[in-house]
Each structure stands twice: as C-alpha cells, then as structure tokens.
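This report refers to the structure that appears directly beneath it.
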Amino acid sequence: MNNKELDCIRDVAQCINGTAPLESSVLIRIVDRFKPNSKPPGIHQPGSKSIYRKPRLFANFRKFSSKLSAKLRAVPARVFRQGISRQELSLLTETASKLENEYPREAFKLYSIARSHGAGHLNEAIERLRTQCFGYMISARKDGTTERVNSILTGYLLAQNLDLPFRFSWATDVGAAQNELCSVTNQLADFIHPDFASRYFTKFDEVRAFEVPGYKSDDFFFAAQRIHNPVSKGALDEVLRSRLNVCPPARLEQPLIEAWEGDIQNAIRKIFRPSYTELLESFKPKVGHFVGIHYRGGDVIYGQHRHAGHSIGYKSAPLPVIEDLIKRNERQAILLFGTPIGETLDDLHYLRDKYENVTLSLEYADPAMDGVIQDSFLRSCCSTLHAYRGTGVARLAGFINTRLNTVSFTDTYSPENIYQIYVDNLDNRAYNDLQRSFININALALAITLRKPRKKRSQYLENIRQLDPDNKLHWMKTTRRPAEDYGMEYLLQ
C-alpha cells in the first residue's frame, strides 16, 4: 500500500473514532503494519491500556474480528497482492460495509482502496455509494423563502451548465420559522411546479444520505463545496474528488445573470407553477410605471436581527431615509414594499397616508397566492427598485428581471448625507421607540466611520439603551463589515 492510501485510511479512522471506535481500531491496525506509530491523537489501538481497561469493549472487538475470519475463504485468492494480506483486505471491506449508512463518504474511500488492491467484487458497492452521494448539485439552504428559491434557481442553472444531476430540499433541520416575520414551514411551498418537484425534490431525511460528519455550513451540511460560477471540467473533477458534491450560492455575478437571461427565464417557468408565471405576466402592465422602494422593518428593526450586525446599514433603511427618498421622487408613483405584520404594517400605513404618490404593494396581493413571491414579482416589474441588493427579495427580483435597475440606498446618499438625516431624526416623536433606536444605531456606526466627536457617539449609545433596553448590543462586537459601500471595516474598538 502506498502512503496516500495509508494516510486516507488513517484519516477515516480519525473521523469515525468518536462514534465507531471498534472500526477505527481495525483501520489503525492495518495502517500500523505499514507505518508504525501512525496513530492520530485521540484514537485507541487494540492492545493499548485504555482498551484493555474496558473488558466488555475488548470482548466486543474480539467478537467482531472472529466473525470476519469465517468470511476470509469467500474472497478469491487472486485479489490479494503483495503488501496487503488476505485478512487485512477482508477487514478493510468489512469495516467499509459497516460504515455505509453513517459514513458513506468514508466507506466509499475504503472500498476504493480495497478495489485498487484487486477486490473487484466491490464494484457494485462502490457504484451504489457513488450514485448515493457523489457528483450532485444540491440545494438545501436554511433561510427564508426567497433565499431558498434563489439557491434552487442558481443550483438548477449551474447543474445544467456543468452537466450535473440536480436535487433540492425544502425542509431543513432549522425547522419551521421561529417568528412570524420569517414564515417558512417544513412543507414544500405550493408555488413550486409539481413537475419540477417530482423530478428534483428530495425529502430532507433522504438528503441526509449526503451528510458527512465534519462538513457543516449555514446552507449545506453534506459533503459539498459551494460553486459560484461555472468551472472547467478539470477544476470540477478536482472539487468532486475532495468533496463529492457541489452546492449553489444564493446569487450569481451580474455578468453571468445577463449572459444567462434566456436560461433564467426558462428556469423560472419550470420552477414556478403556471398560475404564478401568469400572475407575473399580469403584473407587468399594472406596475411598470412605478418606482419601487423596499422598506424592511420586520426582523431588522423590530425583530431578532436588531441585536446583531443586520441592524447596521446592511439590510434596511430607517423611516426618515425612506421618507426622504419618497420626497426626492415626488413626481413619480411609488410602490412601497414591506412585511405586512405588526409595527412594519403600521409604518407602511403611515407612509401611505402621509404621501399622495405612495401605493402599497398589498393592494395588488392575491390572498390565495404566496405573499413573498408576489412581492418579488411586483418588484421585478418596477421601472426602478430602491433596495439593499443583499436582501433575498432584491436578488430574486433581479433574477426574474435581469435588466431591473436596482439602486442601493448607499448609491443615493453619501455617508455625510445619510448621517445628517439620522441626526435630524434622532428624537422624532412621529416614530416609535424601536425605530428611533434603529436610527441611533446607524448614526453611531456612521459617527465612528466619519470620526465624529466621542461625546456624540456616547450620546447615541445612551439613547439606544434608553429606547431599547432589551437590545443585546451584539452589533457592538461584530467584526463583519456593516455596510460595505460605506467602507466600515469595524464598528467599535
């Protein structure tokens, strides 16, 4: 056996040691004959004091080994080559067989090594594992409705381009929504085309077949690497050799979106039910003259994300900025978007009642259809959309209409301009306490960036603590860039 094979077996042993110590010990015995003292930290080998201190564990190990000896005669003699013994090869394949369900990737590696030493009878098992957990484009994102749809859309497009089989799941172990502002359930959304679902949908329990311990992320938990753009066959093969599968991002780069415009439109017709694509077509003549503005209150201003980095100029703009933007477009018809729940709904009604040129997207809503998808469709039909590009709804609108003119709030306002809007509305009594707290949070972040006097920064922080005493202030410790367009590399030092 060569060093690469031995290192692979040792890595597998280390990976499975926590839940399969007996099988791990078998593999270490094999490695040790070729590479003495190769035991990785934390793994107990047969014969070590720790195993002998546990008579029951050692007895089980001996029982496991004795069962294998009866099967040795069943392996054709021709499969054995110099360097690995009959017993070692049998131990290797038997261990791989025991690992198939819980560690398919590791079992695949062990089978492949055994086959390279002549165990041709393993071809069927290897191909079964390859089909089960190798070479797929998989979308199983843990997020809200639009980001899940974005991931399904990008995954399907990339799979078609890279000639990979595609699968997607809807339910994830994040479970149903934790609050009413992000109402995603574990049931497959009814706006997905039934033909698309029957061909590509995989239940969450079945997606777990792709799971491999040690490979976890926010939007994929199986053995996969995220692919943002098409890659060469050689590069793709290299990724698949190391990670078995690939998964898509929630967005593609704009040049690629424009180049794939036709493919995207075809994909949209395949992903959404006909009733939804017909609804999209009906919106175009109705709202094409509107300037769209996305006001995201919900989770960012009033919900759980007000405690974290989302509250800093990244996902939403506060009411005074929205009001200023409406005034700048006073000769335009404004279509205003937002989550129609709680305080956010109150804010939407406030803006509609105050400005004659404002219409709420709710007026076009069909209660029988998914509200989030309808809003995304409406956004895509506007002549211009003012929104943060990083939000899922803005991304989906950009997919649906690849030529949509999306303008970020930071494209409209300089840091000094928007800071002054914040300062002028720090204590605007027309706004509720959490709205004013949100204004002060953003004023504080910009005050740091613009090097405003420390006294002002201290006052903003004190205002936040008084207006929202329950705010956990996690945004004070964040190291992420709160608003890349403003160049805020950090918040507080």
So Asn463 and Leu444, side-chain contact (heavy atoms from CB on, under 4.5 Å) or not? Walk me through it.
-> CA-CA 10 Å; Asn463 292 345; Leu444 173 58; over 6 Å; no

Say whether, by atom type as modelled, one donor and one acceptor occur between the side chain of [X] and the main chain of [Y] under 3.5 angstrom.
X: Ser437; Y: Asp433; value: no
X: Thr154; Y: Pro248; value: no
X: Asn161; Y: Leu157; value: no

Just verifying a value: how many Å separate [X] [atom1] and [Y] [atom2], rounded to the nearest 0.5 Å?
X: Ile400; Y: Leu153; atom1: CD1; atom2: CG; value: 8.5 Å
X: Ile301; Y: Tyr431; atom1: CD1; atom2: OH; value: 10.5 Å
X: Asn425; Y: Arg429; atom1: CG; atom2: CZ; value: 12.5 Å
X: Arg328; Y: Thr412; atom1: CZ; atom2: OG1; value: 6.5 Å
X: Phe283; Y: Ser380; atom1: CZ; atom2: OG; value: 9.0 Å

side-chain contact (heavy atoms from CB on, under 4.5 Å) between Asp468 and Ile441: does it pass, once the steps are laid out?
-> CA-CA 11 Å; Asp468 185 13; Ile441 290 172; 5.9 Å; no

Donor + acceptor pair across side chains of [X], [Y] (<3.5 Å):
X: Asp411; Y: Ser408; value: no
X: Asp347; Y: Tyr302; value: yes
X: Glu462; Y: Gln466; value: yes
X: Lys452; Y: Tyr419; value: no

Flag side-chain contact, heavy atom, 4.5 Å: [X] against [Y]:
X: Thr339; Y: Val372; answer: no
X: Thr359; Y: Glu363; answer: yes
X: Cys381; Y: Leu280; answer: yes
X: Leu335; Y: Leu360; answer: no
X: Cys247; Y: Ile227; answer: no
X: Met137; Y: Pro165; answer: no

Shortest non-hydrogen contact from [X] to [Y]?
X: Leu162; Y: Pro230; answer: CD2-CA, 4.0 Å
X: Glu23; Y: Lys98; answer: OE2-CD, 3.4 Å
X: Phe201; Y: Ser169; answer: CE1-CA, 4.1 Å
X: Phe399; Y: Ile264; answer: O-CG2, 3.2 Å
X: Ala397; Y: Leu385; answer: CB-CD2, 4.4 Å
X: Glu323; Y: Lys354; answer: OE1-NZ, 2.8 Å

Is any NZ, NE, NH1 or NH2 atom of the basic residue among Glu261 and Arg403 found under 4.0 Å from an Asp or Glu carboxylate oxygen of the other?
-> yes

Do NZ/NE/NH1/NH2 and the carboxylate oxygens of Lys327 and Asp324 come within less than 4.0 Å?
-> no

Out of Phe168, Trp260, Phe196, which one pairs with Tyr156 under the ring pair (Phe, Tyr, Trp, His ring centres under 6.0 Å) rule?
-> Phe196

For residues 347-381, pull every pair meeting ring pair (Phe, Tyr, Trp, His ring centres under 6.0 Å), keeping only residues two or more places apart or in separate chains.
-> Phe272-Phe377

side-chain hydrogen bond (donor to acceptor under 3.5 Å, both in side chains) between Ser414 and Asn417: does it pass, once the steps are laid out?
-> CA-CA 5 Å; Ser414 69; Asn417 290 153; 2.9 Å; yes

Take Tyr276 and Gln374 through the side-chain hydrogen bond (donor to acceptor under 3.5 Å, both in side chains) test and state the conclusion after the steps.
-> CA-CA 8 Å; Tyr276 278 84; Gln374 287 188 83; over 6 Å; no

Show your working on side-chain hydrogen bond (donor to acceptor under 3.5 Å, both in side chains) between Gln435 and Asn432 and close with a plain yes or no.
-> CA-CA 5 Å; Gln435 183 72 226; Asn432 60 44; 5.1 Å; no

Step through it carefully: locate the ring centre of Tyr136, locate the ring centre of Phe166, and say whether they are under 6.0 Å apart.
-> no

